[in-house]
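To start, the structure under review is shown below, and the notes come after it.
Residue numbering restarts at 1 for every chain, and letters A, B, ... go by the order of the sequence lines. Worth saying up front: this structure is predicted, and the values here are computed from it rather than measured.
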Amino acid sequence: MVMTTHEEKMRTVRFRVAATPHITVNSDICRSECSTHACVYVCPANLFVPLDDGGILFNYESCFECGTCYIACNQEGAIRWTYPDGGYGVTFREA
Amino acid sequence: MTASPTQEQFDVIVVGAGPAGSAAALLAARAGLKVLLLERGEYPGAKNVSGAVFYGSAILNELIPNWWEQAPVERYVCRRDISFMSPTTAVALDFRCAGAGYATAPYNGFTVLRPKFDRWLAAQAEAAGAFLLTSVVVDDVLRDNGRVVGVRVRREQGEIYGKVVIACDGVNSFLAKKAGLQREFHQHELSLGVKEVVGLDPAIIQDRFHLTGNDGIAFEYLGAITEDVHGGAFLYTNQDSLSLGVIGQISSLVERRKRPYELLEGFKAHPAVAPLVRGSKLREYSAHLIPESGWAMKPKLYTDGMMVAGDAAGFCLAAGLYLEGMNYAMQSGLAAAETAIQACQRGDFSARALAVYEKQLKQRNVLTDFRAYRHAPAFVNGARLQNLYPELIARSMENLFRVNGAPKQKILPLAYRMTRQLEIKPGQLLRDAYQVARSYLW
């Protein structure tokens, strides 16, 4: 099928999930200082979930490690990221 | 943190086994140096995404003659097609060449699948004598009196010493930042590419795209295809699949609050694109950042004991007509390796000795190309060139070809009316025409 939902897209990608997150979000900053919540829109894996209280919930498990959220975030220190441990994270086969 | 005499020391530590890193490791190993090539993925290419057309065939051919006979390539690109889009229309510039160098060795470009191609290239570096270590993350550089003397990897006793470090760790290069060579980026300097590889029967690909054997086509699209986000789209033919994707500048994705994968669906649904992808089946979805600002985001390229190459150095030429990264990655990796070889011969790894790297980059036409096109990215990757003018062209052609009993209009008054409709000021149009000329003509 040609047209696919985001869930269908993500099911085609292989992730080896590390025990600890390589990206952490400081939801206090999202709540108090950010009105745009750009991460919610731009993340190609749709990993940032806005909460009712203005905070952001982040799932690191199916992250492309692209860095878009970090670049798009306009609040210093809200998103901290590094790479997952060696061999973990996204593993493209065709890309 | 000085290396004790008993500790193993490499001549060259290359961080990242993409095209820059593997090319660097291959050349340095061939020169007899002791080379360590580090890769954080499970295998080289596991983290790497691009279109991907590799336009560096001639470069690689000098290292590995007739490399395409043994490498996992998809199709050689001898046809390129650039389309200007409105929501309903496409106006295309169609280039096809069966001539020497395009349809014959060493070929102008090949479509590749990065996890396969990058893995093969790293294996060539290994075969040349480089020591490849995968599943290893490099977190920092090691310093001694301010000089870079190695890298710290994320594991017990993770200190690895080398005479010179070549950072080829990609667009987000943590290493270039840790070494103080690169600043933080601005949102307008980077674009996000989202991509799908979709499976399609090779016989259908041949028929649908008018291909005869292993030849292939690269389509690129500008205009309404990305709605009001600055960017473009692409579709490339592989052996039994298509690679297609949408590229959007981060700042404008943020500003317009657009979800990149929704733009991708819109692209596939466009009336000019839908028939090309009909019947295909999604195999893999992917995403990656692209350093699009070239000259403006170039880091300091070397310091005592370290050089930066490939995407980590921003060596991706995104200048409208050109969207090339792997070739410049490879050239910069080779330039760094040549510099490292010289430094080893002289036993001098100071910044002053490594300054030769810049000269090598000029000789290999990397810095010269990026300097020549230094005005292009900021201008070409903007709204008018990527969105408005393509739509102006498409809409003008709609009117030019329309036959409905109304009197025929000549091109100038028609174009004038279109510019009014799209709220383009004639003065701005002239200034942009001059900018296009300055970017590409001289």
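Only the side chain of A/Tyr70 has a heavy atom closer than 4.5 Å to any heavy atom of chain B.
Remark: side-chain polar atoms of B/Glu284 are not paired, donor with acceptor, to backbone N or O of A/Val13 under 3.5 angstrom. With hydrogens and angles disregarded, a donor-acceptor distance shorter than 3.5 Å links the side chain of B/Asn172 to the backbone of A/Cys66.
Residues of residues 255-267 of chain B that come closer than 4.5 Å to chain A, counting heavy atoms only, are B/Arg257, B/Lys258, B/Arg259, B/Pro260, B/Tyr261, B/Leu264, B/Glu265, ordered by residue number.
Among the candidates B/Glu189, B/Arg283, B/His288, the residue making the largest number of heavy-atom pairs closer than 4.5 Å to chain A is B/Arg283. The candidate from B/Val171, B/Leu253, B/Asn238, B/Val49 with the greatest count of non-hydrogen atom pairs under 4.5 Å with chain A is B/Val49. The most heavy-atom pairs under 4.5 Å with chain B, out of A/Ala38, A/Gly89, A/Pro84, come from A/Pro84. The candidate from B/Lys268, B/Glu39, B/Arg278 with the greatest count of non-hydrogen atom pairs under 4.5 Å with chain A is B/Lys268.
Here the closest heavy-atom approach between residue A/Gly77 and residue A/Asn26 is recorded as O-CB, 4.1 Å.
Residue B/Val153 forms a side chain to side chain contact (heavy atoms under 4.5 Å, CB included) with just one option from B/Leu38, B/Val137, B/Asp139, B/Leu133, and that option is B/Leu38.
A tilted orientation is assigned to the rings of B/Phe54 and B/Phe117, their planes being inclined by 30° to 60°.
In summary, the side chains of A/Lys9 and A/Thr4 do present a donor paired with an acceptor at a separation below 3.5 Å, with no hydrogens or angles considered.
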